[in-house]
2 protein chains.
Amino acid sequence: MGARRADRARKRLTIAEIAALAGVSTATVSRVLNGKRDVSPETRLKVQRIIAAHNYQPNALARSLSLRRTHNLGLIIPHTAEYLVSFPYFSELIRGISQRANAAGYRLLLATSSSERSSEETYGEVLRGAVDGLIVVDLKVQDERLRWLRREAVPFVLIGRPLEPEPSSEVAGVNCVDSDNVGGAYRATRHLLELGHESIWLINGPPEHAVSVYRERGFRRALEEAGRSAEGRVLAGPFTVEAGYELTQTLLARTRGRSRGGIGIGIVAASDLQACGAVLALREAGLRVGADVSVVGFDDVPLARAFDPPLTTVRQPIFEIGKEAARLLIRQIEQPDAPPLQTVFPTELIVRRSTRPLAHSDE
Amino acid sequence: MGARRADRARKRLTIAEIAALAGVSTATVSRVLNGKRDVSPETRLKVQRIIAAHNYQPNALARSLSLRRTHNLGLIIPHTAEYLVSFPYFSELIRGISQRANAAGYRLLLATSSSERSSEETYGEVLRGAVDGLIVVDLKVQDERLRWLRREAVPFVLIGRPLEPEPSSEVAGVNCVDSDNVGGAYRATRHLLELGHESIWLINGPPEHAVSVYRERGFRRALEEAGRSAEGRVLAGPFTVEAGYELTQTLLARTRGRSRGGIGIGIVAASDLQACGAVLALREAGLRVGADVSVVGFDDVPLARAFDPPLTTVRQPIFEIGKEAARLLIRQIEQPDAPPLQTVFPTELIVRRSTRPLAHSDE
DNA sequence: TTGTACGCGTTATCAC
DNA sequence: GTGATAACGCGTACAA
């Protein structure tokens, strides 16, 4: 009762009202709120009581406006569903970012980019002072966002690593977090080599993704070190089951005639989904995965070890990557002069049953 | 040149500066900005030119403070990784929410709830005027958050449906979006009945989740309609592969002796992950899934159809649910007097090869 | 130690 | 039509 306005929005108290209640000035309340030292123990206690009694919460907006800092981190979700499917751990990433951000007193602001709007529009809109910095995912080979972000002098951190030949700019000049994709693909490929596979292929992600370039590098390096050529050994497509299936079929068509009916084929896939698609196609062709042929995935999604056969795969610490991204961004925001940092997390080859030494043909 | 402060934050223009540049008052600029009619075509054009020339973006914070509306929607991410794993479409949900929100001029603000903090603390923090409303996921059977949200009179929408016996309150009093879990479980169970399975089980999610209660209802209803008892037929655990595996093992132990070595068992699982775990355990016990026994999953994750056997499962339109949730929340925010709405999306049984008519034992 | 007064960037209510 | 000017809620010089 006594509520003047419709009580729907339950009028929240302001610092002025708290001040009045406590018989002090707003400045004093603000000091107490922010833990400043210049306030006597008695007044502090008095104010704290009032604050607690009324469950007062300072308005975040007003505080942001005054401080010129929102304590919001921005993340643009790629528009394409395809990308998200390709990234089964997207929720893990968000969780990692969000956890670290919250722990440091920041929130995470999300927006989707729509294909109709340029990245400039999207980012500009999110900006408008709503965010202290941005986390950029889904890094492209030639990513126009980089130049824009630099020009606007927005603190930002990349998930992924820009490719070196970025025109007129040092890679070292940006904050970025990535997993060791080159190493992951390298080890996966070596693994197949060591198993004795003769015909080794990479089913890669779309070539415009920076991550695809890195994985192909690891693949090529392993092959070349073994004195083999990677020419014509790389197929590319979406990170989906379907793509894995179809690319494996074209791969089989290409090898037909060459090898012994496909026996000896080894496939490194850029996602577990693709790997599963590959397994399907291989089985359809009458090949035994984990005996005649081998397949390695990427990501280690929850279902990878329940698959038949349990999938050998390259695990990435997505949650950690998210946390680190938030950490670096916050660091850049709070210490603008701190030099940018590049963090690379190791990947791990999880060996299960989809990769095995070749069965001897004389058995 | 001429930059006064360190050029790192590239001073953004204010409405006052635009006004000065255009030779008008801030009020006029504001009118142009917000498309008000009371401004002459000439001045409008003049102001628009200046705005475009300087790429001016009004400050979202100041605007929010003035309007007392942030255009932010809040979503609390459950702390437990377990929950997220159980919810493979979490990214889909976020995408749905975010897309609808952005389309309507809203942003999505994320925060994680940490187990140490009460929901009141978590939500209170998000409040602080940082959001206009909240989306609540992971609804519990007795969810303390409901009462709190009502008391604080925060606009909110539930993903999921509260259970009827919520003390002293009409279910109809809240906005909520859910998929038809009762119907989904019902149809999955009927499907198994129609295939001739004798020993039908539900591997459910944790009982504290509201969704588990609904799914059990559908399961029971189908069984009872068929004149069977569901007593002792429900096992519960996390939504993981491991839980599915282990619960199936205990289930097999219980049936041992009774049925013909397990033949005729039919399992409805509350997630595709659990279903895959169940398949593993059944196979280990020497049973042929899709012949001797059947398994139905829930969710239709991308790998479900690549699984061996391809998984029969109950599909939910997660993306749509996200969009609808955002729609309802925004509606509640913009029309506080509009009566709350309950939307239930149909679920769909996708029949694949993990469920089949029982093989005749005389074959 | 405490209080006054102004700035943060918009919107909106008045006058003119 | 247009322009001062008071909110919006908080932080913080500066003065006391």
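By convention in this document, chain letters (A, B, ...) are assigned in the order of the sequence lines, proteins followed by strands, and residues within each chain are numbered from 1.
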| request: Indicate the atoms forming the closest heavy-atom contact of Cys176(B) with Pro162(B), along with that distance. | output: SG-CD, 4.2 Å
| message | Tell me every residue that passes side chain to side chain donor-acceptor pair (under 3.5 Å) with Asn72(A), counting only those two or more places apart in sequence or in another chain. | response | none
| said: Could you tell me how far apart Leu45(B) (CG) and dG1(D) (P) are, to the nearest whole angstrom? | reply: 17 Å
| request: For Asn55(B) and Arg12(B), test the side chains for any donor-to-acceptor distance below 3.5 angstrom and give the result as yes or no. | output: no
| request: Could you name each residue pair satisfying salt bridge (Lys or Arg N to Asp or Glu O under 4.0 Å) that touches residues 16-38 of chain A, not counting sequence neighbours? | output: Lys11(A)-Glu17(A)
| remark: Protein-proximity profile, nucleotides 6-16 of chain C, B/S/- by nucleotide at the 4.0 Å heavy-atom cutoff, equals -BBBBBBB---
| Test item: side-chain donor near acceptor, His209(A) and Asp138(A), under 3.5 Å | yes
